[in-house]
K.L.:
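Okay, here's the structure, questions in a sec.
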Amino acid sequence: STEISRWPDGCNFAFATTGFGSIPMYYQCMDTRGRSIFDKQTAIHEYFHLVQQEYSINKMPCWMKEGSAIYFGAFLGIYDSDTTGESTKNFIKGLSFQYNPGGTYQNPPNTRLIDKIQTTAGVVEVLTALESPTAECLSLGAYSVGATATDALIAAKGFTKYMEFVSTFGTSSDWKTDFATTYGLSPEAFYIKLAPYLRQR
């Protein structure tokens, strides 16, 4: 109630992290007005970050860390209320407008993500920039690009195989080799194969 009173135009934010003594912590602030269908993904998105923390989230590439949280949030939270799939698709597509490398919320994007990914080289460039765990995930498009990449990986090999890959971060320091072992191709080869699907989505 204190947080809601501080945000008269609507309190809509959440995060999951590790608190004192490495205790997982989940925090969510939402007013009663909400944001309709899209708020249904928030709790699941943040909960998946707690799952990732079991497997060294701080070593995961940015596109995977935020993208997979969006994927699970959207497909588990929104999907049942979205019989045509259009709301889920539009939610993920809408996140592409966060793309603003080197900019801020106050500055309009210099390059739209939809323009950047029109070439395969552009797709590879975007995803390569998101390989760092410490990259600026939001302004580099991690949420929309990563959700689509997660979608493709799970469609190709299934949820169990995806979680096997996630679990490697807890014991390995070479995620690219683990990715190739799990999926049979390097991350860059995956980015190239992903390019047409990413443009279509």
K.L.:
Asp82 side chain to Ile78 main-chain N or O, any donor-acceptor pair under 3.5 Å?
P.N.:
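A pair under 3.5 Å: no.
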
K.L.:
OG1/Thr182 to CD/Glu164 distance, rounded to the nearest 0.5 angstrom?
P.N.:
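Atom-to-atom, Thr182:OG1 and Glu164:CD are 7.0 Å apart.
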
K.L.:
Ignoring hydrogens, what is the shortest heavy-atom contact between Met25 and Leu50? Give both atom names and the distance.
P.N.:
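Of all heavy-atom pairs spanning Met25 and Leu50, the closest is O-CD2, 3.9 Å.
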
K.L.:
Return the minimal non-hydrogen interatomic distance between Pro101 and Leu140, and the atom names on each side.
P.N.:
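Looking at all heavy atoms of both residues, the shortest contact is CB-CD2, 3.9 Å.
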
K.L.:
Do side-chain atoms of Lys65 reach the backbone of Pro133 as a donor and acceptor pair under 3.5 angstrom?
P.N.:
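Present.
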
K.L.:
Any chance NZ of Lys93 has more than 12 other-residue heavy atoms, nucleotides or ligands included, within less than 6.0 Å?
P.N.:
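At most 12 heavy atoms, drawn from other residues, nucleotides or ligands, come within 6.0 Å of this atom.
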
K.L.:
Is atom OH of Tyr47 surrounded by more than 12 heavy atoms (other residues, nucleotides or ligands) closer than 6.0 Å?
P.N.:
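Check fails, neighbour count at 12 or below.
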
K.L.:
In chain order, what residues pass the side chain to side chain donor-acceptor pair (under 3.5 Å) check against Thr17, with sequence neighbours excluded?
P.N.:
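Side chain to side chain donor-acceptor pair (under 3.5 Å) check on Thr17 returns nothing, list empty.
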
K.L.:
Would you name the heavy atoms of Phe75 and Ile92 that are closest together and state the gap between them?
P.N.:
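So the minimum-distance heavy-atom pair works out to CE1-CD1, 4.2 Å.
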
K.L.:
Identify all side-chain donor-acceptor contacts of residues 141-148 below 3.5 Å with residues at least two apart in sequence or on another chain.
P.N.:
unit_1 : atom_1 : unit_2 : atom_2 : d
Tyr143 : OH     : Glu66  : OE1    : 3.4
Thr148 : OG1    : Ser144 : O      : 3.1

K.L.:
How about Gln118: does its CD atom have over 12 heavy atoms from other parts shown lying under 6.0 Å from it?
P.N.:
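Yes.
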
K.L.:
Just how far is it from atom CG of Leu127 to atom CG of Leu198, taken to the nearest 0.5 Å?
P.N.:
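It comes to 7.0 Å.
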
K.L.:
Ignoring hydrogens, what is the shortest heavy-atom contact between Cys62 and Ala135? Give both atom names and the distance.
P.N.:
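It is SG-O, 3.7 Å.
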
K.L.:
Hey, could you give me the CD1/OG1 distance between Ile57 and Thr18, rounded to the nearest 0.5 Å?
P.N.:
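It is 8.0 Å, given to the nearest 0.5 Å.
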
K.L.:
Would you please name every residue forming a side-chain contact (heavy atoms from CB on, under 4.5 Å) with Phe72, sequence neighbours left out?
P.N.:
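In terms of side-chain contact (heavy atoms from CB on, under 4.5 Å), with neighbours along the sequence ignored, Phe72 is linked to Ile44, Phe48, Ser68, Leu76, Ile154, Phe159, Tyr162.
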
K.L.:
Could you tell me how the ring of Phe169 sits relative to the ring of Trp175: parallel (under 30°), tilted (30 to 60°) or perpendicular (over 60°)?
P.N.:
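Taking Trp175 first and then Phe169, their aromatic rings lie parallel (interplane angle under 30°).
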
K.L.:
Given 3.5 Å as the limit, does a donor-acceptor pair link the side chain of Ser56 with the main chain of Asn58, or not?
P.N.:
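No: the side chain of Ser56 does not pair with the backbone of Asn58.
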
K.L.:
How long is the span from the CZ atom in Arg199 to the CG atom in Leu194, to the nearest 0.5 Å?
P.N.:
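It comes to 9.5 Å.
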
K.L.:
Taking only residues at least two apart or on different chains, which pairs with a member in residues 119-130 satisfy side-chain hydrogen bond (donor to acceptor under 3.5 Å, both in side chains)?
P.N.:
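Every side-chain hydrogen bond (donor to acceptor under 3.5 Å, both in side chains) pair that includes a residue of residues 119-130, provided the two are not neighbours, is Lys116-Glu125.
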
K.L.:
Answer yes or no: does atom NZ of Lys40 have more than 12 heavy-atom neighbours from other residues, nucleotides or ligands under 6.0 Å?
P.N.:
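Counting neighbours around NZ of Lys40, 12 or fewer heavy atoms of other residues, nucleotides or ligands fall under 6.0 Å, so no.
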
K.L.:
Restricting to side-chain contact (heavy atoms from CB on, under 4.5 Å), what partner residues turn up for Ala156, sequence neighbours left out?
P.N.:
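Counting only residues at least two positions away or on another chain, Ala156 forms no side-chain contact (heavy atoms from CB on, under 4.5 Å).
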
K.L.:
When rounded to the nearest 0.5 angstrom, what is the spacing between OH in Tyr99 and CG in Asp115?
P.N.:
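With rounding to 0.5 Å, OH (Tyr99) is 10.0 Å from CG (Asp115).
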
K.L.:
Can you list the residues that meet the salt bridge (charged side-chain N to carboxylate O under 4.0 Å, His left out) rule with Glu131, with sequence neighbours excluded?
P.N.:
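So Glu131 forms a salt bridge (charged side-chain N to carboxylate O under 4.0 Å, His left out) with Lys176.
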
K.L.:
Run Asp151 and Tyr197 through side chain to side chain contact (heavy atoms under 4.5 Å, CB included) and show every step you take.
P.N.:
CA-CA 10 Å; Asp151 182 11; Tyr197 183 59; 2.7 Å; yes

K.L.:
At their closest point, which heavy atom of Ala74 faces which heavy atom of Phe91, and how far apart are they?
P.N.:
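What the structure gives for the nearest pair is CB-CD2, 4.3 Å.
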
K.L.:
State whether the number of non-hydrogen atoms from other residues, nucleotides or ligands found under 6.0 Å of Ile114 atom CD1 is greater than 12.
P.N.:
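No, CD1 of Ile114 has 12 or fewer neighbouring heavy atoms, counting only those of other groups under 6.0 Å.
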
K.L.:
What heavy-atom pair brings Tyr55 and Ser167 nearest, and what distance separates the two atoms?
P.N.:
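Scanning both residues, the minimum pair turns out to be CD2-CA, 3.4 Å.
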
K.L.:
Taking atom types as modelled, find out whether Ser172 and Asp178 have a side-chain donor-acceptor pair closer than 3.5 angstrom.
P.N.:
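Ser172 vs Asp178: donor-acceptor pair found between side chains.
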
K.L.:
Do Tyr183 and Phe190 make the cut of ring centroids closer than 6.0 angstrom?
P.N.:
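Centroid separation for Tyr183 and Phe190: 6.0 Å or greater.
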
